[in-house]
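Structure first, then comments.
Chain naming here is simple, since letters A, B, ... match the order of the sequence lines and numbering starts at 1 in each.
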Amino acid sequence: MPELPEVETIRQQLAKQIVGKELQGKKVIGVNRRAKILDIEFADKSHLIFHLKLTGQLIFNGTPGKHTRRVFNFNDGSCLIFNDVRKFGWYKIVSESQLKDIKKKLGPEPFGLTEKQFALMIAKKPKAKIKTLLMDQKFIAGIGNIYADEILFASRIHPLRVAGALGPREIILLLGKIKEILTAAIKAGGSSVSDYLDAFGQKGGYSRKHKVYQRTGQQCVKCGSIIERIRLAGRSAHYCPNCQK
DNA sequence: ATCGGTACCTGCACGC
DNA sequence: TGCGTGCAGGTACCGA
């Protein structure tokens, strides 16, 4: 499930619980995130990294169930449960240099981007549809289907618009909304559409704030028009036909 | 080089 | 009740 806000929520929660503990004799010295990858860092410079894909969960001190793929036991008796209904998620131990290679292939983290940098990135992809770009992890890291839809609604940009057609003011607005919405979603503990749970097994509160995602056929909160859904690059795109041009 | 379509896997909601 | 269809927070791989 998780996109940047969900992985970041789990990261913050886990960091408080497991830093300083030992897993198979290796001391945890940090819990990091890059894009949608969660990274548990050990004192010996190895890293246990996870990608939760659509339905992965990491529950601290959870109870193993039907979809539990792995239980990680810490030296103090606590544990971390990895659940994944659809089995797309993965975890592996990597070295510092392997992790560096993985990170290198990803685009920039949204929060560090300046308007100038973002405008330059957009200018290099004039023909790409804007929603496809937002979800491209090599273009910008961490945004998936939920937040791409919500960000475009907040920016009043139609998902099929081509990047080259965005004006300078729209590009600045878009970057602002990317940061604003991701920040708000982290604050709310992410979005729970169906499977997502945080590291304590709780649902995220941001789903209640979705304005377009999975609101097909319902009224736009701004103008009352009916929210539409189209197919784009194999995914659903939800948008308000009146607000988003 | 960049696009869309498909595959990976399981479960759920819906219509007949 | 049961079956078939379509859909789901992601991404890798394929051929056009």
Under-4.0 Å side-chain N/O to phosphate OP1/OP2 contact, A:His51 with C:dG10: no
Any A:Arg235 side-chain nitrogen or oxygen under 4.0 Å from OP1 or OP2 of C:dG9: yes
Charged N-O contact under 4.0 Å between A:Arg33 and A:Glu8: yes
Closest to side chain of A:Gln137, choosing from C:dG9, B:dC3, C:dT11: C:dT11
Whole-Å distance separating the CG atom of A:Asp195 from the P atom of B:dC12: 9 Å
Closest listed nucleotide, where the reference is the side chain of A:Glu3 and the choices are C:dA8, C:dG10, B:dG4: C:dG10
SB check A:Asp84 A:Arg69 (cutoff 4.0 Å): no
Between C1' of C:dG9 and NZ of A:Lys203, the distance in whole Å: 13 Å
Sugar-phosphate, base or nothing in reach of A:Lys138, heavy atoms under 4.0 Å: nothing
Euclidean distance for P, C:dT11 against B:dG11 (whole angstrom): 22 Å
Contact under 4.0 Å: A:Lys53 side-chain N or O vs C:dA8 OP1/OP2: no
Between B:dC9 and C:dC13 - P atom distance, rounded Å: 15 Å
5' priority, DNA chain B, between A:Gly234 and A:Lys66 [closest heavy atom]: A:Gly234
N or O in side chain of A:Lys36 less than 4.0 angstrom from C:dT11 OP1/OP2: yes
Ring geometry between A:Tyr147 and A:Tyr206 (parallel below 30°, tilted from 30 to 60°, perpendicular above 60°): tilted
Phosphate OP1/OP2 of C:dG9 contacted by A:Tyr147 side-chain N/O (<4.0 Å): no
Phosphate contact (C:dA8 OP1 or OP2) by A:Gln214 side-chain N/O below 4.0 Å: no
Value in whole Å for how far the C1' atom of B:dG4 lies from CG of A:Leu232: 10 Å
Ion pair A:Asp101/A:Lys104, N-O distance below 4.0 Å: yes
Under-4.0 Å side-chain N/O to phosphate OP1/OP2 contact, A:Lys129 with B:dG4: yes
Presence of salt bridge, A:Asp149 and A:Lys211, under 4.0 angstrom: no
The single option from A:Lys131, A:His238, A:Glu3 passing side-chain hydrogen bond (donor to acceptor under 3.5 Å, both in side chains) against A:Asn145: A:Lys131
Residues A:Glu6 and A:Lys36 bridged, charged N to O under 4.0 Å: no
Nucleic acid contacts of residues 87-105 of chain A, taken as heavy-atom distances under 4.0 Å to DNA chain B: A:Lys87, A:Phe88
Distance-only donor-acceptor test, A:Ser194 side-chain atoms vs C:dG9 base atoms, 3.5 Å: yes
Nearest-angstrom distance from the residue atom NZ of A:Lys125 to P of B:dA1: 11 Å
Spacing between A:Arg33 atom CZ and C:dG9 atom C1', to the nearest angstrom: 15 Å
Between P of C:dG9 and CD1 of A:Ile146, the distance in whole Å: 7 Å
Ring centers of A:His158, A:Tyr239 separated by less than 6.0 Å: yes
Ring centroid separation A:Phe50 to A:Phe82 under 6.0 Å: yes
Whole angstrom value for the distance that separates C1' of B:dA1 from NZ of A:Lys124: 15 Å
Side-chain N or O of A:Ser236 closer than 4.0 Å to phosphate OP1/OP2 of C:dA8: yes
Touch class at under 4.0 angstrom, heavy-atom based, for A:Val193 against every strand present: base
Nearest-Å distance once atom P is located in both C:dT5 and B:dT6: 16 Å
A:Tyr196 OH - B:dT10 P separation (whole Å): 24 Å
Short side-chain N/O contact from A:His67 to OP1 or OP2 of B:dG11, under 4.0 Å: yes
Paired and unpaired positions of DNA chain C as dot-bracket, Watson-Crick or G-U wobble under 3.5 Å, | denoting a partner strand: .|||||||.|||||||
Sub-6.0 Å ring centroid separation between A:Tyr91 and A:Phe72: yes
